[in-house]
A.B. asks: 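This is the structure, below, for whatever I ask next.
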Amino acid sequence: MLRRGDKGEEVRELQRRLQQLRLFSGDADGLYDDRVESAVTAFQWSRGAKDERGVYGPDTREKLEGETQLT
């Protein structure tokens with residue numbers, strides 16, 4: 001589970017996946033900031049993910065990984 005304030009390679013991967021869907025722009029810097037939180041929230045809303053809004057939890061991860069590939 002990832003949320004605002006987290007950082008590292010897992011966040012970088014999340015950013016790259018969100019970029020593929022054009023939900024996140026900018027550098028994949030590995031910082032889970034308000035821009036990442038907003039992108040995750042938009043994805044959750046559009047896909048009906050059941051995790052806490054803005055938090056990259058298991059349901060959101062499953063849905064996002066089903067639509068994107070590692071780059």
Side-chain angles (χ1 to χ4, degrees):
M1 191 171 310
L2 299 171
R3 62 181 69 236
R4 189 193 305 211
D6 288 340
K7 56 187 173 182
E9 187 55 40
E10 285 186 283
V11 177
R12 193 171 286 113
E13 177 187 324
L14 168 60
Q15 291 170 320
R16 289 192 298 260
R17 288 182 183 276
L18 291 168
Q19 286 172 335
Q20 290 176 39
L21 299 176
R22 303 198 189 300
L23 293 171
F24 179 78
S25 60
D27 294 329
D29 58 9
L31 301 175
Y32 201 122
D33 58 14
D34 59 330
R35 296 176 309 133
V36 176
E37 185 178 66
S38 293
V40 168
T41 298
F43 178 81
Q44 290 171 321
W45 180 84
S46 66
R47 303 319 192 270
K50 296 177 173 37
D51 297 312
E52 179 183 342
R53 290 294 171 229
V55 174
Y56 189 53
D59 190 44
T60 306
R61 180 182 296 264
E62 181 179 337
K63 290 177 183 334
L64 185 61
E65 288 180 355
E67 292 186 40
T68 59
Q69 299 178 15
L70 286 177
T71 58

A.B. asks: Looking at residues at least two apart in the chain, or sitting in another chain, which of them share a side-chain contact (heavy atoms from CB on, under 4.5 Å) with Thr68?
C.D. replies: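 Once residues adjacent in sequence are excluded, the partners of Thr68 under the side-chain contact (heavy atoms from CB on, under 4.5 Å) criterion are Arg17, Gln20, Leu21, Leu64.
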A.B. asks: Does any part of the side chain of Leu18, heavy atoms only, come nearer than 4.5 Å to the side chain of Val40, both counted from C-beta?
C.D. replies: yes
A.B. asks: Are the side chain of Arg4 and the backbone of Asp34 linked by a donor-acceptor contact shorter than 3.5 Å?
C.D. replies: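 No, the answer is negative, given that no donor and acceptor are paired below the 3.5 Å cut-off.
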A.B. asks: Checking the side chain of Arg3 only, and the main-chain atoms of Tyr32 only, is there a donor and an acceptor separated by less than 3.5 Å?
C.D. replies: no
A.B. asks: What salt bridge (charged side-chain N to carboxylate O under 4.0 Å, His left out) pairs are there with at least one residue in residues 60-71, not counting sequence neighbours?
C.D. replies: Glu10-Arg61, Arg47-Glu67, Asp59-Lys63, Arg61-Glu65
A.B. asks: Got a donor-acceptor contact below 3.5 angstrom from the Ser46 side chain to the Ala42 backbone?
C.D. replies: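 Confirmed, Ser46 side chain pairs with Ala42 backbone.
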A.B. asks: Is the shortest side-chain heavy-atom distance between Val36 and Phe24 below 4.5 Å?
C.D. replies: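 Val36 reaches Phe24 side chain to side chain.
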A.B. asks: Report the distance from atom CG of Leu2 to atom NZ of Lys7, rounding to the nearest 0.5 Å.
C.D. replies: 13.5 Å
A.B. asks: Taking all non-hydrogen atoms of both residues into account, name the closest pair between Pro58 and Met1 and its distance.
C.D. replies: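 For Pro58 versus Met1, the nearest heavy atoms are CD-CE, 4.4 Å.
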A.B. asks: What residue among Gln44, Arg53, Glu52, Lys50 forms side chain to side chain donor-acceptor pair (under 3.5 Å) with Thr60?
C.D. replies: Gln44
A.B. asks: Would you call Glu13 and Arg16 a salt bridge, taking side-chain N to carboxylate O under 4.0 Å as the test?
C.D. replies: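 No, this pair does not count.
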A.B. asks: Would one find more than 12 heavy atoms of other residues, nucleotides or ligands at under 6.0 Å from atom CD of Gln69?
C.D. replies: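 No - once you tally the heavy atoms of other residues, nucleotides and ligands closer than 6.0 Å, there are 12 at most.
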A.B. asks: Let me confirm one number: the CG-OH distance from Asp6 to Tyr56, rounded to the nearest 0.5 Å.
C.D. replies: 12.5 Å
A.B. asks: Quick check against the 3.5 Å criterion: does Asp29 have a side-chain atom that pairs as donor or acceptor with the backbone of Leu31?
C.D. replies: yes
